Amino acid sequence: MTTIAKPAEQGLGAAAFDPEEWALRVELAACYRLFDYLGWTEMIFNHITMRVPGPEHHFLINPFGLHYSEVTASNLVKIDLDGRIIGHSAYPVNPAGFVIHSALHAAVPEARCIMHTHSTNGLAVASSRRGLEPTNRYAASIIDTVAYHDFEGPSVHDDEKARLVADLGEKRILILRNHGLLVHAPTIPDAFVVLLKLERACEIQVATNTIDVGITIPDEVLEISYDYSITPGASRGARRIFDGMIRQVDKIDASYKS
Amino acid sequence: VSAEPPEHDPRVDLAAAYRLFDFLGWVEGIDDAITLRVPGSERLILTKPFGVHASEVTAENAIEVDLDDIDSMQRTVYAAAPQARCIMHVHTTAALAVASSQRGLTPTSNYSASVMRAIAYRVEDLAERRILIIRNDGLLVHGPTVPDAFIVLYRVLGACEFQVATNAIDDGLALSPELLARTVDVTLNPAQTHVRAEGRRVPALARRLFDTMSRVADGDGSAAPRNMPR
């Protein structure tokens with residue numbers, strides 16, 4: 001119907017990359033497809049970023065202008081902390097959106113993977129006065145690791161970076177007020193599972209609050225509800241969940257592996 | 001003067017926009033309207049034939065009609081905003097919820113912040129503003145091109161959807177007037193088709209967004225449909 005071209009495929013394939021980097025590329029591309037499958041996309045915007053192995057602070061990010069459903073292992077773009085492209089890429093990156101990621105990647109060593117979403121329920125909680133409340137089992141499992149950062153305007157300036165890092169502290173989840181959700185973890189599956197619980201917590205809170213303020217889970221119950229999967233190193237469960245979801249993605253379209 | 005931008009066939013843009021609306025869940029039945037002024041003309045309007053569903057619109061079956069023969073709301077908007085070349089009018093649930101609420105759109109998300117100064121509640125304000133919230137009825141936007149209208153509509157429909165969900169919780173954290181003043185108004189983006197970036201001539205953001213989403217909507221079905229504000 002239209003004359004709009006398909007995305008240019010680099011078609012480099014596994015042979016063009018270090019094996020460890022290639023494995024991460026496949027996993028990250030799968031994760032982009034999984035976000036699309038779950039509806040956690042925002043047209044051509046937002047990012048999931050993953051640090052590649054090695055002493056350099058180099059990261060894989062989605063090519064700007066492509067939809068998450070078009071991301072492949074080959075067309076992911078490798079960049080440095082300033083958003084400069086390392087090596088060749090057929091696509092640009094969106095440097096404006098990378099600023100929050102780079103601030104946290106630079107300051108938090110275990111934040112190798114960072115995910116950021118603008119889901120409806122995530123934005124609802126982020127834009128509410130109340131914030132996330134311990135009124136459902138998902139919220140209970142993560143509320144201990146939630147931090148907040150106030151909206152300071154659409155573009156992040158250098159002085160805001162320090163406040164982002166300070167606001168995050170030791171937590172894994174940063175709720176960006178009036179803006180969206182952000183999680184970090186050492187691996188892609190670990191970050192995914194934290195985000196999954198957070199998205200479910202937000203979704204259920206929105207639905208609960210259409211009824212009333214909800215039943216607050218008491219502190220003594222919260223203490224035993226904290227989820228093992230958000231403890232660094234306990235990632236076997238996360239891997240199992242992530243792989244199970246990727247099998248669903250593979251049934252639809254496994255072209256991200258190229 | 002740099003090389004002239006490539007022509008975008010208005011019929012292709014119109015058909016792509018209708019298909020994209022269908023993909024995003026922004027249509028209901030046959031009553032939704034996207035219209036454009038035919039390039040070079042003030043009175044000729046390009047639109048879909050009545051009775052054709054958004055998913056059925058093609059570059060070939062789009063029709064040209066006189067301004068007097070279109071929907072009266074759209075005719076009023078073209079009169080009030082002579083610079084408008086494209087109008088998109090929707091009745092999504094979230095847009096109608098905001099349009100039907102006493103509060104109207106509130107500055108509680110970065111989405112609403114980016115369109116707040118472009119919101120009008122009266123047609124006569126559309127010479128200066130790009131978005132009309134029609135009380136109890138729906139929402140429309142106008143722009144200089146199809147992609148420019150689309151990017152504004154996507155922002156404001158997002159704002160409506162987020163507000164509906166936020167207001168299930170409470171009245172939301174309102175952004176300060178200072179913050180709003182510092183937030184770039186997405187409707188102020190120039191209607192360029194191409195910009196220079198990294199030494200290359202690349203499509204401007206609105207065009208790039210529109211082309212990518214049209215490609216996905218028109219694609220092999222692997223993208224999850226209807227995953228956006230609606």
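Within every chain, numbering begins at 1; the chains are lettered A, B, ... in the order of the sequence lines, protein sequences first and strands thereafter. This one's a predicted model, so the numbers in the text were calculated from it and none came from an experiment. Only this structure's heavy atoms are used, side chains among them; waters, hydrogens and symmetry mates stay out.
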* To do: Name the option with the most non-hydrogen atom pairs under 4.5 Å to chain A; the candidates are B/S176, B/S112, B/A165.
  => B/A165
* Asked: Which region of A/A207, side chain (C-beta onward) or backbone (N, CA, C, O), has a non-hydrogen atom less than 4.5 Å from a non-hydrogen atom of chain B, or is it both or neither?
  -> neither
* Asked: So do the side chains of A/M43 and B/F210 get within less than 4.5 Å of each other, counting heavy atoms only?
  -> no
* Please look at A/E152 and chain B and tell me whether the side chain, the backbone, both or neither of the residue comes under 4.5 angstrom of a heavy atom of that chain. => backbone
* Asked: With sequence neighbours left out, what residues match A/H116 under ring-ring contact (aromatic ring centres under 6.0 Å, His included)?
  -> A/H118, A/H179
* Structure fact -> When every non-hydrogen atom of A/R129 is compared with those of B/D170, the smallest separation belongs to N-OD2, 2.9 Å
* To do: Indicate the atoms forming the closest heavy-atom contact of A/T210 with B/A168, along with that distance.
  => CG2-CB, 3.4 Å
* Asked: With distance as the sole test, does A/N178 use its side chain to make a donor-acceptor pair with the main-chain N or O of B/L175 at under 3.5 Å?
  -> no
* **Listed partners of A/I204 passing side chain to side chain contact (heavy atoms under 4.5 Å, CB included), at least two apart** => A/N136, A/Y138, A/R200, A/T208
* Structure fact -> When rounded to the nearest 0.5 Å, the distance separating OG of A/S128 from CZ of B/F162 is 14.0 Å
* Contacting moiety of B/L179, where chain A heavy atoms sit under 4.5 Å -> side chain
* Reported CD1-to-CG distance for the pair B/I169 and A/N121, which is rounded to 0.5 angstrom -> 8.0 Å
* Asked: Looking at CZ of A/F151 and OG1 of B/T183, how far apart are the two atoms once the value is rounded to the nearest 0.5 Å?
  -> 5.0 Å
* A/V249 versus chain B, heavy atoms under 4.5 Å apart: side chain, backbone, both or neither? -> neither
* Got a second to check how far B/L173's CG is from A/Y148's OH, nearest 0.5 Å? -> 10.0 Å
* For the atom pair CD1 (A/I44) and CE (B/M213), what is the distance rounded to the nearest 0.5 Å? -> 9.0 Å
* Structure fact -> Max heavy-atom pairs within cutoff under 4.5 Å with chain B, candidates A/Q205, A/E133, A/R130, goes to A/R130
* Selection from A/V206, A/D150, A/V213 maximising heavy-atom pairs under 4.5 Å formed with chain B -> A/V206
* **Under 3.5 Å: donor-acceptor pair, side chain of B/T212, backbone of A/G65** => yes
* Structure fact -> Among residues 96-110 of chain B, residues within the sub-4.5 Å heavy-atom range of chain A, in order of number, are B/T108, B/S109, B/N110
* Asked: Between A/E70 and B/R215, is the closest basic N to carboxylate O distance under 4.0 Å?
  -> yes
* Side chain, backbone, both or neither: which part of A/F45 has a non-hydrogen atom closer than 4.5 Å to chain B? -> side chain
* **Counterpart residues, side-chain hydrogen bond (donor to acceptor under 3.5 Å, both in side chains), relative to B/R129 (two or more places apart)** => none
* Contact origin within A/S255 toward chain B - heavy atom pairs under 4.5 Å -> neither
